[in-house]
Amino acid sequence: MLDLVTAPVLALIANHTGLPAADLARLLGSPAKGVAADLALPCFQPAKAKALPPPKLAAELAAAINAAGLAQAVAAGPFLNLTFPPAQVATALLPALAADPAAALRSRAGSGRNAAIDFSSPNIAKHLAFHHIRSTMIGNSLARIYAAAGWKVTRINFLGDWGTAFGRLISGWKREGLTLAQLEGAADRVTFLNELYVRSSQAAKGDPALEEDARRWSKALEDGDAEARHLWQIFKDASLAEFKRVYALLGVDFDSWKGEAHYEDKMAPVLAELEGKGLTSIDQGATVVDLAAHGLKQFKKPMLLKRADGGTLYATRDLAAADDRFREFAFDRALYVVDLGQSLHFNEWFAAAKLLNRPYADRLRHIGFGVLLVWNDEPGEGLEPGWAKGRTRAGKVMLLREVLEEGIDRARAIIAEKNPDLVGDEREAIARAVGVGAVVFNDLKNARTNDVKFKFEEALRFDGETGPYLQYAHARLCSIERKSAGVSGDPALLARDDEKVVLLALARLQGQLERAVEADEPSIVAQALLALAAAVSSWLTAGNRDPSAKVICDDPAVAAARLTLVRAARGALGEGLCLLGLTAPERM
RNA sequence: GCACUUGUAGCUCAGCUGGAUAGAGCGCUGCCCUCCGAAGGCAGAGGUCGAAGGUUCGAAUCCUUCCGAGUGCGCCA
């Protein structure tokens, strides 16, 4: 969208140098600090193409651009600095932005393509722990970002709904004679199942008969025994109900909930194919694919397909699931939003998919992310305070719901203090948006491969580069809109530099959205929004000292023009927050 | 040992495909509300970009080596 501003200048330079305008656009960058200009073009490469000294070319171009009146151009040595009058920028951009504020964050780059995004993927009968926020919100954000860029997106929650734990749960359930009503009546059904699991394990510790009972139920479940299957479904339903409470808080949903269990009977064909193609071998009783022996020397160890006892492993399940998803969704890209600790696993089975000549083998992407570390200032005897994986002081896992609720509580308190007029349901809704938004934004604002360092006091502070900062800027814009009639004005009346800064921040969003897709990186959007909000805040605050700088100023025509920009910025901020999975309240 | 990730201001991090004096938030100093929302803005102090080589007109960014941190490396997922 920036090209709406730069196109005439780039065309001139392209004409002058014989280089494609698209290549020149990529060279265009921001000027050095202290250089008063909007954009800068380093002339080294174009000069090489024309066999001219860079400063000479810069000077020639500056003269030509100034003569044509396309911008104010200054050659600074080998750099060409461009400054556009605010009105020119506004005239180029504002009509498109005013027509559809979300357009700044829309692209057709991915239209006609399908993306299957696998994220969140919790285990049944276990809590959604705080660390699940990473896969859940990175995945959710990527789903929205891809969709904004024109992709058709399928959101997949690959539930961990299989394994030996169910045998123990069923065994304990039967032994204690529990009922569905008791489970349904529990304050938290997952906690109920967790505690059942713990009791069942402990009881079995000194009792081989109970151990055997759990094993029998595990086998019965695998064999499709009706009662085992029924109880399994009950546990799964109960867990899903709890998960959905948290997903609702986060505003996350899925198109497919097919879990591991769904693939139990779909692995045999993949295994048979691997064997048929002579790719498998037996190593210490286990069935493996020796990737190194098939030319993939980077793999030092073979990939395990089946345990010595015949049980399947998750590489096999992932291959089967990929086949299934490719049939169902015909994906052009499949994302697996899973922590970086599993990159070896993904590299292995992606390689196996290639050995199998799967047409989709090159479309698989592991979207890895760093771990969530929580500051622990009371680590216990003889240990230093420091960053640790998400556990409370007592050593229990931090539950995602509890962290979100604490965020909401803190937000509610701040609203009560700063904006006592907000009460009741509205305050509650805003507390939710702000409290949850703070936690979520904290997780998305930096590159996903970084570890996230979480301190309650830091993440839930509402000033600085935070979700609430963005929401606040949005609320301020809404507030101004509310105070005025909905008229649109003449962009040419936008003459202030701080207005131009806002416009240029808006114009850059589309390119940043596309970069976010290619890098699978929500933080690119997050950083872009921080830049936009900073520009907006600076602009709006200028009106505090200088009444003529106010949006609603004495000149109604100017006010109308500024209001058009307010609406565009508000729309873009709201849309951007949505792409990150935050909501944008109109007041806070 | 091998692999992946990572090392930029006191702390937490940006820095687009290499481009001109490395930016922001927090913290610290000092300002700005009879207010279009101070959950904001303005200004200041604070950095041999882990180290050393190399490629280049130009390197925080690319390559090599080394050092530090985290994680993973067979029957869990």
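Just so it is clear: chains get the letters A, B, ... in the order the sequence lines come, proteins before strands, and each one is counted from 1.
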J.: Students often get this wrong, so: under 4.0 angstrom with heavy atoms, is A:Gln45 touching a base, only sugar-phosphate, or nothing?
T.: base
J.: Out of B:rA39, B:rA14, B:rA24, which nucleotide sits closest to the side chain of A:Gln527?
T.: B:rA14
J.: Any N or O donor-acceptor pair linking the side chain of A:Asp463 to the base of B:rG40 at under 3.5 Å?
T.: no
J.: Do A:Ser30 and A:Leu39 make a side-chain contact, defined as non-hydrogen atoms from C-beta onward lying under 4.5 Å apart?
T.: no
J.: What integer number of Å spans the P atoms of B:rG25 and B:rG44?
T.: 12 Å
J.: Got a sec: does the CG of A:Asp554 have more than 12 other heavy atoms crowding it under 6.0 Å?
T.: no
J.: Between B:rG72 atom C1' and A:Phe299 atom CZ, what is the distance in whole Å?
T.: 14 Å
J.: Measuring to OP1 and OP2 of B:rA39, would you say a side-chain N or O of A:Lys418 lies under 4.0 angstrom away?
T.: yes
J.: Syn or anti for B:rC67, with syn set at within 90° of 0?
T.: anti
J.: Between B:rA77, B:rC35, B:rC42, which one does the side chain of A:Gln342 approach most closely?
T.: B:rA77
J.: Side chain of A:Ala447 only, please: which of B:rG19, B:rA14, B:rA20 is the nearest?
T.: B:rA14
J.: Applying the Watson-Crick and G-U wobble criteria at under 3.5 Å, what pairs with B:rA51? Answer none if nothing qualifies.
T.: B:rU65
J.: Respond yes when some side-chain nitrogen or oxygen of A:Tyr336 is under 4.0 Å from OP1 or OP2 of B:rA77, and no when none is.
T.: no
J.: When you measure from the side chain of A:Asn81, which nucleotide among B:rG74, B:rG19, B:rA20 comes out closest?
T.: B:rA20
J.: Please report the distance separating the C1' of B:rA45 from the corresponding atom of B:rG27, rounded so that it comes out in whole Å.
T.: 12 Å
J.: What interatomic distance, in whole Å, is found between P of B:rA77 and the corresponding atom of B:rG68?
T.: 35 Å
J.: Distances under 3.5 Å between protein N/O atoms and the N/O atoms of nucleotides 2-5 of chain B, please, pair by pair.
T.:
| unit_1 | atom_1 | unit_2 | atom_2 | d |
| --- | --- | --- | --- | --- |
| B:rU5 | O2' | A:Thr449 | O | 3.3 |

J.: Indicate the ring-plane relationship of A:Tyr336 and A:Trp349, choosing parallel, tilted or perpendicular according to the 30° and 60° boundaries.
T.: perpendicular
J.: So, does A:Ser523 get its side chain near the phosphate of B:rA14, meaning an N or O under 4.0 Å from OP1 or OP2?
T.: no
J.: With respect to the phosphate group of B:rG25, does any side-chain polar atom (N or O) of A:Arg461 fall under 4.0 Å of OP1 or OP2?
T.: no
J.: Any base atoms under 4.0 Å from A:Leu313, or only sugar-phosphate, or nothing? Heavy atoms, all strands.
T.: sugar-phosphate
J.: If you check the A:Asn446 side chain, which of B:rG41, B:rC13, B:rC73 turns out closest?
T.: B:rC13
J.: Classify the nucleic acid contact of A:Leu27 as base, sugar-phosphate or nothing, counting any heavy atom under 4.0 Å across all strands shown.
T.: nothing
J.: Should B:rC73 form a Watson-Crick or G-U wobble pair with both distances under 3.5 Å, which nucleotide is its partner?
T.: B:rG1
J.: Measuring only between side-chain heavy atoms, which start at C-beta, is A:Leu319 closer than 4.5 Å to A:Met267?
T.: no
J.: Where the side chain of A:Tyr469 is defined as all heavy atoms beyond and including C-beta, which of B:rC16, B:rG40, B:rC36 is the nearest nucleotide?
T.: B:rG40
J.: Checking A:His131 against A:Asp339: is there a side-chain donor and acceptor pair closer than 3.5 Å?
T.: no
J.: Looking only at atom P, what distance separates B:rA43 and B:rU65, rounded to whole Å?
T.: 45 Å
J.: Does B:rG40 have a Watson-Crick or wobble mate here (both distances under 3.5 Å), and if so which one?
T.: B:rC32
J.: Any stacking of A:Phe79 on B:rA20, going by centres under 5.5 angstrom and planes within less than 30 degrees?
T.: yes
J.: With rounding to whole Å, what would you report as the distance between B:rU8 and B:rC42 at their C1' atoms?
T.: 26 Å
J.: Nearest-Å distance, CG (A:Asn419) to P (B:rC35)?
T.: 18 Å
J.: Write down the distance between CG (A:Leu372) and C1' (B:rG70), rounded to a whole number of angstrom.
T.: 14 Å
J.: Which value, in whole Å, describes the distance between the P atoms of nucleotides B:rC33 and B:rG19?
T.: 42 Å
J.: From C-beta outward on A:Ser538, which listed nucleotide comes closest to its side chain: B:rC16, B:rC35, B:rG41?
T.: B:rG41
J.: Which part of the nucleic acid, if any, lies within reach of A:Ile524 when heavy atoms closer than 4.0 Å are counted: base, sugar-phosphate only, or nothing?
T.: nothing
J.: Below the 4.0 Å mark, does B:rC36 have OP1 or OP2 next to a side-chain nitrogen or oxygen of A:Arg476?
T.: no
J.: Considering only side-chain heavy atoms of A:Lys550, which listed nucleotide, B:rC36, B:rA77, B:rC16, is closest?
T.: B:rC36
J.: Say we look at B:rU64 and B:rU17: how far apart would their C1' atoms be, to the nearest angstrom?
T.: 22 Å
J.: Please check if any side-chain donor atom of A:Ser548 sits under 3.5 Å from a side-chain acceptor atom of A:Arg496, or the reverse.
T.: no
J.: I want to check something: taking the side chain as every heavy atom from C-beta on, are A:Ile145 and A:Leu513 in contact at a cut-off of under 4.5 Å?
T.: yes
J.: Does A:Glu465 come within less than 4.0 Å of A:Lys445, counting only side-chain N to carboxylate O?
T.: no
J.: For a quick check of understanding: with a heavy-atom distance under 4.0 Å over all strands, which category does A:Gln512 fall into, base, sugar-phosphate or nothing?
T.: nothing
J.: Within 45° of the ring axis of A:Phe158 and under 6.0 Å from its six-membered ring centre, is that where the NZ or CZ of A:Arg325 lies?
T.: yes
J.: Base, sugar-phosphate alone, or nothing: which one does A:Arg587 contact when heavy atoms must sit under 4.0 Å apart?
T.: base
J.: May I ask you to check whether A:His366 and A:Phe350 place their ring centres under 6.0 Å from each other?
T.: no
J.: Pick the nucleotide of RNA chain B nearest each of A:Ser30 and A:Ile415; which residue has the one closer to the 5' end?
T.: A:Ser30
J.: So, A:Phe44 and B:rG58: ring centres less than 5.5 Å apart, planes less than 30° off, yes or no?
T.: no
J.: NA contact type, A:Met303, heavy-atom cut-off 4.0 Å: base, sugar-phosphate, or nothing?
T.: nothing
J.: In terms of side-chain heavy atoms of A:Thr541, which of B:rC36, B:rG40, B:rA20 is nearest?
T.: B:rG40
J.: Between A:Glu426 and A:Arg587, is the closest basic N to carboxylate O distance under 4.0 Å?
T.: yes
J.: From the list B:rC16, B:rG41, B:rG25, which nucleotide is the closest neighbour of the side chain of A:Glu465?
T.: B:rG25
J.: If you compare every side-chain N and O of A:Asn123 against the phosphate oxygens of B:rA77 (OP1, OP2), does one of them come in below 4.0 Å?
T.: no
J.: Could you tell me whether A:Arg26 contacts a base, only the sugar-phosphate backbone, or nothing, with contacts defined as non-hydrogen atoms closer than 4.0 Å?
T.: base
J.: By nearest heavy atom, map A:Ala40 and A:Ala534 onto RNA chain B; which one lands nearer the 5' end?
T.: A:Ala40
J.: Taking B:rA22 as the reference, what is the distance to B:rU5 when you measure between their C1' atoms (whole Å, please)?
T.: 24 Å
